[in-house]
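This one's a predicted model, so the numbers in the text were calculated from it and none came from an experiment.
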Amino acid sequence: AVRELILPHGKRLSDAGDDVMIELPYALYDSQDLLMRNIVAGGASGIKSGGIALLGGIQINTGPSTPDYFHPLRFDFMNQDGEVVEDMLPSLEAKTL
């Protein structure tokens, strides 16, 4: 399944050169984000009147003595039509600085 997610990003990864291992999680995130947006769009009519919050990013696993890290890339509030009502990522980033 991962191979199919990476295929559309072949050139992007090839162009990354020595930074391919840095670019790889971002390429995977972009593929999974597209998949998630398709799922939300398909089920948007089932979203309750309040809406839905969608948080996405890259999980960075570290060694046993170091806490793991989550790098948020999306934090959206969407209405029942699947439209982004508010991009909440800037407020999340401001609190982590």
Side-chain angles (χ1 to χ4, degrees):
V2 172
R3 183 172 290 159
E4 287 79 27
L5 291 174
I6 291 299
L7 284 175
H9 302 285
K11 179 163 176 28
R12 170 183 174 180
L13 293 171
S14 176
D15 291 346
D18 291 340
D19 293 329
V20 69
M21 294 309 288
I22 294 170
E23 189 63 30
L24 180 61
Y26 288 94
L28 279 169
Y29 167 78
D30 288 343
S31 291
Q32 292 172 340
D33 185 56
L34 178 63
L35 179 64
M36 183 60 65
R37 283 186 282 151
N38 288 338
I39 291 170
V40 170
S45 62
I47 296 174
K48 301 296 181 196
S49 61
I52 185 171
L54 207 59
L55 174 65
I58 297 172
Q59 176 71 35
I60 301 168
N61 298 316
T62 61
S65 61
T66 308
D68 291 341
Y69 177 76
F70 180 71
H71 177 58
L73 297 171
R74 167 185 295 279
F75 190 26
D76 293 333
F77 183 75
M78 304 171 93
N79 65 17
Q80 54 269 36
D81 296 322
E83 301 164 336
V84 175
V85 175
E86 182 181 357
D87 176 4
M88 299 183 296
L89 188 59
S91 64
L92 181 66
E93 289 171 337
K95 291 181 180 180
T96 61
L97 295 177

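The shortest non-hydrogen separation linking A16 to E23 is CB-CB, 3.9 Å. L55 approaches L92 most closely through the heavy-atom pair CD1-CD2, 4.2 Å. Contact detail for H9 and S31: the closest heavy-atom pair is NE2-OG, 2.9 Å.
Looking at D87, its side chain never comes within 3.5 Å of a backbone N or O of D76 through a donor-acceptor pair.
To the nearest 0.5 angstrom, N79 atom CG is 12.5 Å from E86 atom CD.
Put simply, L73 and F70 are part of two different groups of oily side chains (I, L, V, M, F, W, Y) that touch within less than 4.5 Å, one to the next. In this structure, L89 is a member of the same hydrophobic cluster as F77, with clusters built from ILVMFWY side-chain heavy atoms closer than 4.5 Å. Linking ILVMFWY side-chain heavy atoms closer than 4.5 Å, directly or via other members, places Y26 and Y69 in a single hydrophobic cluster.
Each of I39, L35, D33 was compared with R37 under the side-chain contact (heavy atoms from CB on, under 4.5 Å) criterion, and only D33 meets it.
A 4.5 Å side-chain heavy-atom check between I58 and L28 finds every atom pair outside the cut-off. Taking the side chain as every heavy atom from C-beta outward, Y29 and H71 never approach each other to under 4.5 Å.
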